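For reference, the structure is listed below as structure tokens.
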Amino acid sequence: MKDSNEKRHISFFNARVTSTISISLVLFILGVVVLMSILGTQLTRYVKENMGFSVVLKNSAPDYGVENIKKELNAAPYVRAVQFISKEDALRELELELGENPEDLLGFNPLQSSIEVKLVAEYADPDSLAWIEKNIRAYEATVADVICQKDVIQIINDNIRKAEYILLLLSVVLMIISFALISNTIRLMAYSKRFLIHTMKLVGATPGFIRRPFIVSNIIGGIVAAFIAMALLSGCAFYLVNEFENLSTLINIVTMSQVFAVVILLGIALTAVSAYFAVNRYISMDREELYYL
């Protein structure tokens, strides 16, 4: 009898370990998707905030006019950064690129002063740029031209939107698959206790009372699985940062904290919901039905 109880205990322990490992692997995959989503959002913002346009100034532009337009741009809600580039600075940059000074060949500096403007991410779209360009061109005495590649920005925005839709679809599909896998794993655990559930029902235990220990037990298992998944995610993040140094600006403590928080919440939510439905199935069954499962 003692050996039988020990074997049953070992079998249940092995089933619990297998269940926890299975759930942790599912949570790891979900964590990877969450990390990809956060990195995608950060990368999208980075790309958009490095979009901008150039305000080419007239050679005859008065100093007060240049100062006025710089002040307005610095105060504008759509502007992230403003950089004034004088004719001399532009000539030095061109000389570095060409390897010779165009002024020596032409006898004069052919370049014009300009203002480089970087946009806030929310305004990096063709419609906003058209409105911004119209406002800036109103400074006719100061502005010679506004150079912004609206077509390129439109292409970038379209590609970003497509990537977001694909990632969203992938997330939904993985969530459904993950819920199914975790539900099946927990259903197997509940299956081994189906006669105990029926006995508790016979002695007058309410459905809530019967469900409670199963839900609590599986939530604890979900939290343990979440920590295992977090350890795996930390290892992957450490490897990526070491292999690709540029990723250190994107994969940081804040990013990983967000991923870990989502993984823990998913571990709790998925296991609690799965346990609820798994136990409910056996609560609603008659004793005869339990033998034919």
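Residue indices begin at 1 and follow the sequence shown. These numbers come from a predicted model, not from an experiment.
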Between atom [atom1] of [X] and atom [atom2] of [Y], what is the distance when rounded to the nearest 0.5 Å?
X      : Y      : atom1 : atom2 : answer
Ile220 : Ile215 : CD1   : CD1   : 12.5 Å
Lys162 : Asn159 : NZ    : CG    : 6.0 Å
Phe84  : Ser114 : CZ    : OG    : 7.5 Å
Lys48  : Asn50  : NZ    : CG    : 13.0 Å
Glu67  : Asp63  : CD    : CG    : 7.5 Å
Leu35  : Gln258 : CG    : CD    : 10.0 Å

TODO: Name all residues meeting the side chain to side chain donor-acceptor pair (under 3.5 Å) criterion together with Ser274; count only those two or more places apart in sequence or in a different chain, and write none if there are none.
DONE: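 With sequence neighbours excluded, Ser274 shows a side chain to side chain donor-acceptor pair (under 3.5 Å) to Ser183, given in chain and number order.
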Find out whether [X] and [Y] are in side-chain contact, i.e. whether some heavy atom of one side chain is under 4.5 Å from a heavy atom of the other.
X      : Y      : answer
Leu270 : Val273 : no
Val117 : Arg80  : no
Val32  : Leu233 : yes
Ile69  : Val55  : yes
Gln83  : Lys70  : no
Met200 : Phe209 : yes
Leu73  : Ile136 : yes
Phe53  : Leu119 : yes

TODO: Evaluate side-chain contact (heavy atoms from CB on, under 4.5 Å) for Tyr78 paired with Ser128, printing each intermediate quantity in order.
DONE: CA-CA 9 Å; Tyr78 53 81; Ser128 298; over 6 Å; no
Closest non-hydrogen atom pair between [X] and [Y], with its separation:
X      : Y      : value
Gln112 : Leu57  : NE2-O, 3.1 Å
Val259 : Gly31  : CG1-O, 3.8 Å
Ala141 : Pro62  : O-CD, 4.1 Å
Thr20  : Gly221 : CG2-O, 4.1 Å
Ile264 : Ala226 : CA-CB, 4.0 Å
Ala275 : Asn218 : CB-ND2, 3.7 Å

According to a 4.5 Å side-chain heavy-atom criterion applied to Ile, Leu, Val, Met, Phe, Trp and Tyr, with indirect links allowed, do [X] and [Y] form part of one hydrophobic cluster?
X      : Y      : value
Val146 : Tyr139 : yes
Tyr123 : Ile147 : no
Met36  : Val34  : yes
Leu170 : Leu266 : yes
Phe277 : Val26  : yes

Task: Thr41 side chain vs Ser37 backbone, donor-acceptor pair below 3.5 Å - done: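 Between the backbone of Ser37 and the side chain of Thr41 there is a qualifying donor-acceptor contact (under 3.5 Å).
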Open item on the list: Closer than 3.5 angstrom, by distance alone: can the side chain of Ser24 be matched with the main-chain N or O of Ile21 as a donor-acceptor pair?
Closed with: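 Checked: pair present.
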Open item on the list: Show, in sequence, the C-alpha distance, side-chain angles and deciding distance for Leu129 and Asp125, and conclude whether the side-chain contact (heavy atoms from CB on, under 4.5 Å) test is met.
Closed with: CA-CA 6 Å; Leu129 277 172; Asp125 62 78; over 6 Å; no
- [ ] Please lay out, stage by stage, how Met256 and Asn252 fare under the test side-chain contact (heavy atoms from CB on, under 4.5 Å).
- [x] CA-CA 6 Å; Met256 295 308 297; Asn252 49 42; over 6 Å; no
Open item on the list: Using a strict threshold of under 4.0 Å (side-chain N to carboxylate O), is an ion pair present between Glu140 and Lys58?
Closed with: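 Answer for the salt bridge query: no.
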Task: Ion pair check, Asp145 and Arg137, cut-off under 4.0 Å - done: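 Yes, Asp145 and Arg137 are salt-bridged.
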TODO: List the steps and the verdict of side-chain contact (heavy atoms from CB on, under 4.5 Å) for Glu243 and Tyr239.
DONE: CA-CA 6 Å; Glu243 288 294 316; Tyr239 172 78; 3.5 Å; yes
